[in-house]
*Asks:* 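This is the structure I have questions about; it appears just below.
Computed from heavy atoms alone, side chains included, the values below leave out hydrogens, waters and symmetry copies.
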Number of protein chains: 2
Amino acid sequence: MNNPFSTNAVEPDISLSICGYSKVLDIISNKWTALVIYAMEDGIIRYSDIRRRIEGISKKMLTQTLRQLERDGLVQREITPSVPPIVEYSLTPLGVSLLEPMRALNQWTSKNYVWVEKARASYDQVDQTE
Amino acid sequence: MNNPFSTNAVEPDISLSICGYSKVLDIISNKWTALVIYAMEDGIIRYSDIRRRIEGISKKMLTQTLRQLERDGLVQREITPSVPPIVEYSLTPLGVSLLEPMRALNQWTSKNYVWVEKARASYDQVDQTE
DNA sequence: CCGTATCCAGTATGATACTG
DNA sequence: CAGTATCATACTGGATACGG
């Protein structure tokens, strides 16, 4: 391939640490991450309101997800030290910049997910007849 | 809270099964999936050539990843029953349609990943001084 | 209100050896 | 060449209880 005298010499040219696909996915592909980002799309929101909006998320997982996003620079955390405290979260400009490619994914789902479901049903059908 | 006179009544409106972000990510966010798709971007490719191109992937994980993609209708598998057999993989039209949003993610990485790394370094720095 | 700490179960991945 | 089978391990996520 990359040597004119060989027909099938192939060197590894794809790796986890280099592929741009993998690097973003590493950031956004934890179970709750996409949902938490989605909850912040409209602007500043309190911890407990995120928790109320997302069905089934525990405090532990919400906190953990927010901390990772904060560490990656995608989310900002603002504390008002009243009693009880008010903690508000929002996307940083870097976080906002991620919305565009994520919306592209979302649109793909709207248009095409029905075909994925059909493919799965068909594949599983064939599987059972064997 | 859950009464009509409260100012901050919030019902869950985000869930794993409905959010479009989460549904695509479920398809493409396994460890090797993005890399395998990446290896097929240029067209038909043999099993062993994918394996040679992707650094560190085992036969087990490659097969498992390809089977999932096939089940989801994103990849087609073509067998030539010679001895030894030739098995070729390629993206289906549905699989090809995913390339566009994935490339958007890739471009985001090219432009912005450096900021993620800086944010992480800064966050971890602060962490240690505590 | 906004978390942390602990422990535990389920899943994802990996190493290795074998096969048509 | 293109897989499968088996076993081991690591990581993720959930339940529960407690704290400033």
Side-chain angles (χ1 to χ4, degrees), chain A residues 7-10 15-17 22 25-36 39-40 44-71 75-90 127 130, chain B residues 1-2 6-10 15-17 22 25-36 39-40 44-72 75-90 127 130:
Chain A
T7 51
N8 61 349
V10 181
S15 82
L16 285 168
S17 53
S22 303
L25 288 176
D26 239 31
I27 297 176
I28 59 175
S29 71
N30 288 13
K31 182 167 182 182
W32 301 102
T33 305
L35 300 187
V36 170
M40 290 184 297
I44 299 175
I45 181 170
R46 292 184 65 170
Y47 179 90
S48 46
D49 285 331
I50 304 179
R51 200 157 122 71
R52 270 188 283 270
R53 286 193 65 186
I54 301 178
E55 189 183 326
I57 195 170
S58 68
K59 283 182 290 184
K60 175 188 165 185
M61 291 314 296
L62 177 54
T63 300
Q64 184 176 304
T65 303
L66 286 166
R67 288 291 177 285
Q68 274 166 193
L69 288 169
E70 196 190 352
R71 177 171 182 266
V75 159
Q76 189 182 6
R77 180 166 174 257
E78 200 87 43
I79 310 171
T80 304
S82 53
V83 180
I86 295 173
V87 184
E88 291 171 316
Y89 291 90
S90 57
D127 226 31
E130 281 172 4
Chain B
M1 231 45 133
N2 39 12
S6 163
T7 51
N8 60 351
V10 180
S15 82
L16 284 168
S17 52
S22 304
L25 289 177
D26 240 30
I27 297 176
I28 58 175
S29 71
N30 290 10
K31 182 168 183 182
W32 302 102
T33 305
L35 300 187
V36 170
M40 291 185 297
I44 298 176
I45 181 170
R46 292 185 66 170
Y47 179 90
S48 47
D49 286 331
I50 303 178
R51 199 156 122 70
R52 270 188 282 270
R53 287 193 64 185
I54 302 177
E55 190 183 324
I57 195 169
S58 68
K59 284 181 288 183
K60 176 186 166 185
M61 291 314 297
L62 177 53
T63 300
Q64 184 176 306
T65 303
L66 286 165
R67 290 290 178 283
Q68 274 164 195
L69 288 169
E70 195 190 352
R71 176 171 182 267
D72 290 341
V75 159
Q76 188 183 8
R77 179 166 174 257
E78 199 86 44
I79 310 171
T80 303
S82 53
V83 180
I86 295 171
V87 183
E88 291 171 317
Y89 291 90
S90 57
D127 225 33
E130 281 172 5

*Asks:* Between C:dG20 atom P and B:Ile79 atom CD1, what is the distance in whole Å?
*Replies:* 17 Å
*Asks:* Mind checking if B:Ser48 touches a base, just sugar-phosphate, or nothing, with heavy atoms under 4.0 Å?
*Replies:* sugar-phosphate
*Asks:* Any side-chain N or O of B:Arg67 below 4.0 angstrom from OP1/OP2 of D:dA2?
*Replies:* no
*Asks:* With a 4.0 Å cutoff (strictly under), does any side-chain N or O of B:Tyr89 reach OP1 or OP2 of D:dG3?
*Replies:* yes
*Asks:* For the backbone of A:Ser29 and the side chain of A:Thr33, can you confirm whether one donor and one acceptor N or O come within less than 3.5 Å of each other?
*Replies:* no
*Asks:* Measure the distance from CD1 on A:Ile45 to P on C:dC2 and round it to the nearest whole Å.
*Replies:* 11 Å
*Asks:* Out of D:dA2, C:dC2, D:dG14, which nucleotide sits closest to the side chain of A:Trp32?
*Replies:* D:dG14
*Asks:* Do you see a donor-acceptor pair shorter than 3.5 Å between the side chains of B:Thr80 and B:Ser82?
*Replies:* no
*Asks:* B:Lys60 side chain: which of C:dT4, D:dC7, C:dC2 is closest?
*Replies:* D:dC7
*Asks:* Tell me: CG of A:Leu62 to P of C:dC1, nearest whole Å?
*Replies:* 13 Å
*Asks:* Taking CD from A:Gln64 and P from D:dC11, how many angstroms apart are they, rounded to a whole number?
*Replies:* 14 Å
*Asks:* Would you say the base of D:dG13 and the side-chain of A:Lys31 have a donor-acceptor pair closer than 3.5 Å?
*Replies:* no
*Asks:* Rounded to the nearest 0.5 Å, what separation is found between the CG atom of B:Asp49 and the CD1 atom of B:Ile44?
*Replies:* 12.5 Å
*Asks:* B:Glu55 has an atom CD; how far is it from atom P of C:dG14, in whole Å?
*Replies:* 13 Å
*Asks:* Using a cut-off of 6.0 Å, state whether more than 12 heavy atoms not belonging to A:Glu70 lie near its atom CD.
*Replies:* yes
*Asks:* Using a heavy-atom cut-off of under 4.0 Å over every strand shown, decide if B:Arg46 touches base, sugar-phosphate, or nothing.
*Replies:* sugar-phosphate
*Asks:* Which is more 5' along DNA chain C, the nucleotide nearest A:Leu66 or the one nearest A:Leu16? Just name the residue.
*Replies:* A:Leu66
*Asks:* Check every atom of C:dG3, C:dC18, D:dG13 against the side chain of A:Arg77 and return the nucleotide holding the closest atom.
*Replies:* C:dG3
*Asks:* Can you tell me which nucleotide in D:dC1, D:dG3, C:dC2 comes closest to the side chain of B:Arg52?
*Replies:* D:dC1
*Asks:* Is the number of heavy atoms from other residues, nucleotides or ligands within 6.0 Å of CD (A:Gln68) greater than 12?
*Replies:* yes
*Asks:* Between D:dA2 atom C1' and B:Glu88 atom CD, what is the distance in whole Å?
*Replies:* 13 Å
*Asks:* B:Met61 has an atom CE; how far is it from atom P of D:dA10, in whole Å?
*Replies:* 16 Å
*Asks:* Would you say that B:Tyr89 contacts B:Leu69 through its side chain, given a criterion of any heavy-atom pair below 4.5 Å between the two side chains?
*Replies:* no
*Asks:* Would you kindly compare A:Gly56 and B:Lys59 by the position of their nearest DNA chain D nucleotide and give the one closer to the 5′ end?
*Replies:* B:Lys59
*Asks:* Can you figure out which of C:dC1, D:dG3, C:dC2 approaches the side chain of A:Pro84 most closely?
*Replies:* C:dC1
*Asks:* Within this structure, what is the OH-to-P distance between B:Tyr47 and D:dC1, rounded to whole angstrom?
*Replies:* 11 Å
*Asks:* Which residue, A:Ile86 or B:Pro85, contacts DNA chain C at a nucleotide closer to its 5' end, judged by nearest heavy atom?
*Replies:* A:Ile86
